[in-house]
Amino acid sequence: MKTTFSIIKADVGGCPGHSTVSEKLLFVAQKKLEEAKKENMIKDFFVTHCGDDLELIMTHTKGEDSEEIHELAWNVFKDATEVAKENGFYGAGQDLLKDAFSGNIKGMGPGIAEMEFTERKSEPIVVFLMDKTEPGAFNFPVFKIFSDPFNTAGLIIDPNLHSGFVFEVWDIKEHKRVFMRTPEEMYDLLALIGAKSRFVIKRVFPKEGGKLPPDEPVAVISTEKLYQIAGEYVGKDDPVAAIRAQSGLPALGEVLEPFAFPYLVSGWMRGSHNGPIMPVGLCNAKCTRFDGPPRVVSIGFQVKDGIITGYEDLFDDPAFDLSRQKAAEIADYMRRHGPFEPHRLPLEEMEYTTLPKVMEKLKNRFEKM
Ligand code: F6R
Ligand code: MG
Ligand code: MG
């Protein structure tokens, strides 16, 4: 029996503002999922938040895109929205774009990252949850984890990793996807995913002939909102990812390593600024300075027969102190640019803009030159 690992998340109300999620909402989710576990709908679960996003992590045997699991998550978000409304939390229900559930949560607002796989003897899974950024923010670390030998030593010295991986890349604008192989197509892959607001890594697969089945993903990233409303820019998604580790895959430490460098992502204040991604422990998963800086938390799980047998808050560790310090310095440096690019995003990527109104006001004052 295969195991399905599902992360389904939504912003159903922040407290205060867009900074974090109230304990009251976490409690609602915890209760609902406890019931679902008792009724054997799910095998196990973990509820948490990153910034203002409520995160439901669930294990079950119902496969990806299960109507039952998606409806369960939808109902959790609905109930949490009610509590958010009663308490006047900010933006109550903001990610629930539809009124009624209709079979699949995709395109209804929440973000989803799911993978179904055959459990190995021991199955370590690393979850990453980001706030105040977009799915393309995972391109840099996921590339490094599965393709950069300066990050992942195993690509060079472990015979099980040496042949490389297959990346599923989505073109958000054209609504198409392509499968690309590394190391042989590494330069072509980078030509695409360097444009992170258009091309996003959706999944990673092992190659044929190795220890792992080539048709079962080893990494998955949430991209659903962007996927459903292709052709137009729909803003930042606050993405999540799940990555399987060890034994023929990058080691836990190789999976975490890219986050030692606080690379630049887009999002931050009003979804319209570039800033560093700051790796933090769950106790610091709140967005404060200039509604940020964008945060990432990581929780490592061991899963056995679909049960979560242990977990750890992985960035809650002095080994990442320097990265946080660096992120704070970069945040300071970027902020000094105020309304200027490249701190502020290029026009077509901004979530908020007054430019059409400014242009309208000035239209009769522009002179031909
Ligand atoms: C960014 C984000 C926040 C808000 C900002 C303004 O993703 O959620 O930075 O954009 O706090 O929010 P409103 O317009 O709701 O006052
Ligand atoms: Mg919000
Ligand atoms: Mg958010």
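Counting starts at 1 for both ligands and their atoms, following the listed order. Along the sequence shown, the residues carry numbers beginning at 1.
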For ligand 1, is any non-hydrogen atom under 4.0 Å from R270's backbone (N, CA, C, O), its side chain (CB onward), both, or neither? both

Donor-acceptor contacts under 3.5 Å from residues 353-369 side chains, at least two apart:
residue, atom, partner, partner atom, Å
T353, OG1, L355, N, 3.0
E360, OE2, K363, NZ, 2.6

Would you call K38 and E35 a salt bridge, taking side-chain N to carboxylate O under 4.0 Å as the test? no

So the protein N/O/S atoms within less than 2.8 Å of the Mg ion (ligand 3) come down to D52 OD1, D53 OD2, D131 OD1, D238 OD2

Transitive ILVMFWY side-chain link F138 to I125, under 4.5 Å: no

Taking atom types as modelled, is there a side-chain donor on N75 or K32 under 3.5 Å from an acceptor on the other? no

For ligand 1, which atoms sit closer than 4.0 Å to a heavy atom of D291? 3 (C), 4 (C), 5 (C), 9 (O), 11 (O)

Closest heavy-atom approach to atom 7 (O) of ligand 1 among Q94, H273, K132 is made by K132

Which ligand 1 atoms are under 4.0 Å away from a heavy-atom of Y90? 13 (P), 15 (O), 16 (O)

In terms of side-chain geometry, is the basic nitrogen of D171 or R198 positioned less than 4.0 Å from the acidic oxygen of its partner? yes

Quick check: does D52 get an N/O under 3.5 Å from an N/O on ligand 1? no

Please report whether the ring centroid of F165 lies less than 6.0 Å from that of F205. no

Is it the case that the side chains of T118 and E216 hold a donor-acceptor pair, with the cut-off being a distance below 3.5 Å and no angle test? yes

Can the ring centroids of Y90 and H18 be said to lie less than 6.0 angstrom from one another? yes

For G271, take its heavy atoms, then give the atoms of ligand 1 lying under 4.0 Å from any of them. 1 (C)

Can you sort out which atoms of ligand 1 are near M269, meaning under 4.0 Å from one of its heavy atoms? 9 (O)

In chain order, what residues pass the salt bridge (Lys or Arg N to Asp or Glu O under 4.0 Å) check against E71, with sequence neighbours excluded? none

What atoms of ligand 1 come within less than 4.0 Å of a heavy atom belonging to W268? 1 (C), 9 (O)

Which residue pairs pass the ring-ring contact (aromatic ring centres under 6.0 Å, His included) test with at least one member in residues 276-299, sequence neighbours excluded? W268-F290, H273-F290, F290-H343

